[in-house]
Amino acid sequence: MTILDPGPRDIERNGTMQAGDIATSVPTVTVHDAVTWAVRMMALRRLPGLVVIDDDGRPLAVLPGTQVLKLAVPSSYQEDPALARTVDEAHADTFWTELSDLTVGQCLPARPSRAATVRADASLLEVAALMSRAHSPLVGVVDRHGILTGAITLERLLTSLAIARLDE
């Protein structure tokens, strides 16, 4: 896990904010991390999703929480809801521990869609449009080299939009 610090930002540019201004430090996972560990980390930190990075710090995937859950639910239960109903209550809460030997990389699609990322100089409208299009409450923020510098959660975006220009 890596926690990124985007560092200080110049918040005001002609009265507008950019993605880099509201990006926050986020824990990340790699394709080598265990799925069970990634799920625990997301839950304990109350994250809306996870950013999967490569060894160079470039985002490979930005996974909304529902997609992280999909990694944790064995495919046999996803494909056959009747099978899920046959599991007794004692084991129904621990289904995801069956994946203890699997890594995030092993559970990602063979051809993942493009990671939901924006450059640090993107407008908040660009961030909102990407979140809407990608159905993701989390967007990675990258520098000009494609290296992750932080992320923006839906809550942070909406808060920033709500307080913008309150003095007008």
Student: How long is the span from the OG atom in Ser136 to the CD1 atom in Ile152, to the nearest 0.5 Å?
Tutor: 11.5 Å
Student: Considering all heavy atoms of both residues, which atom of Ala19 and which atom of Arg119 are nearest to each other, and what is their separation?
Tutor: CB-O, 3.7 Å
Student: After noting the C-alpha distance and the side-chain angles of Val118 and Val142, does the key distance pass the side-chain contact (heavy atoms from CB on, under 4.5 Å) rule?
Tutor: CA-CA 6 Å; Val118 295; Val142 297; over 6 Å; no
Student: Do you know the tightest heavy-atom contact between Ala38 and Val104?
Tutor: CB-CG2, 4.0 Å
Student: Using the side chain to side chain contact (heavy atoms under 4.5 Å, CB included) criterion, which residues pair with Ser76? Sequence neighbours excluded.
Tutor: Pro74, Leu83
Student: Would you call Thr28 and Leu50 a side-chain contact if the rule is heavy atoms closer than 4.5 Å?
Tutor: no
Student: Could you go through residues 61-71 and list every donor-acceptor pair under 3.5 Å that involves a side-chain atom there, pairing it with any protein atom two or more places apart or in another chain?
Tutor:
none

Student: Supply the atom-to-atom distance Leu148 CG to Asp143 CG, rounded to the nearest 0.5 angstrom.
Tutor: 9.0 Å
Student: Show me the donor-acceptor pairs, under 3.5 Å and distance only, between side chains in residues 124-131 and residues at least two apart or in other chains.
Tutor:
from, atom 1, to, atom 2, distance (Å)
Glu126, OE1, Ser123, N, 2.7
Glu126, OE1, Ser123, OG, 3.3

Student: Please name the pair of heavy atoms, one in Val141 and one in Ala23, separated by the smallest distance, quoted to 0.1 Å.
Tutor: CG2-CB, 3.8 Å
Student: Give the cluster check for Val29 versus Ile147: same hydrophobic cluster or not, with ILVMFWY residues linked at side-chain heavy-atom distances below 4.5 Å.
Tutor: no
Student: Can you pull out every side-chain hydrogen bond (donor to acceptor under 3.5 Å, both in side chains) where at least one residue sits in residues 80-90? Sequence neighbours excluded, please.
Tutor: Asp88-His91
Student: Write down the atom of Cys107, the atom of Val35, and the distance for their closest heavy-atom approach.
Tutor: SG-CG2, 3.5 Å
Student: Out of curiosity, Met17 CE to Leu161 CG, how far, rounded to the nearest 0.5 Å?
Tutor: 6.5 Å
Student: Run the side chain to side chain contact (heavy atoms under 4.5 Å, CB included) test against Thr153 and tell me which residues pass, sequence neighbours left out.
Tutor: Pro48, Leu138, Glu155, Arg156
Student: Would you compute the distance between atom OG1 of Thr30 and atom CD1 of Ile53 and round it to the nearest 0.5 angstrom?
Tutor: 7.0 Å
Student: How far does CD1 of Ile22 sit from OG1 of Thr159, to the nearest 0.5 angstrom?
Tutor: 9.0 Å
Student: Could you pull out all residues at least two apart from Thr103 that satisfy side chain to side chain donor-acceptor pair (under 3.5 Å)?
Tutor: Gln106
Student: With sequence neighbours left out, write down each residue that passes side chain to side chain contact (heavy atoms under 4.5 Å, CB included) with Asp55, or none if nothing qualifies.
Tutor: His32
Student: Looking at residues at least two apart in the chain, or sitting in another chain, which of them share a side chain to side chain contact (heavy atoms under 4.5 Å, CB included) with Asp56?
Tutor: Asp54, Arg58
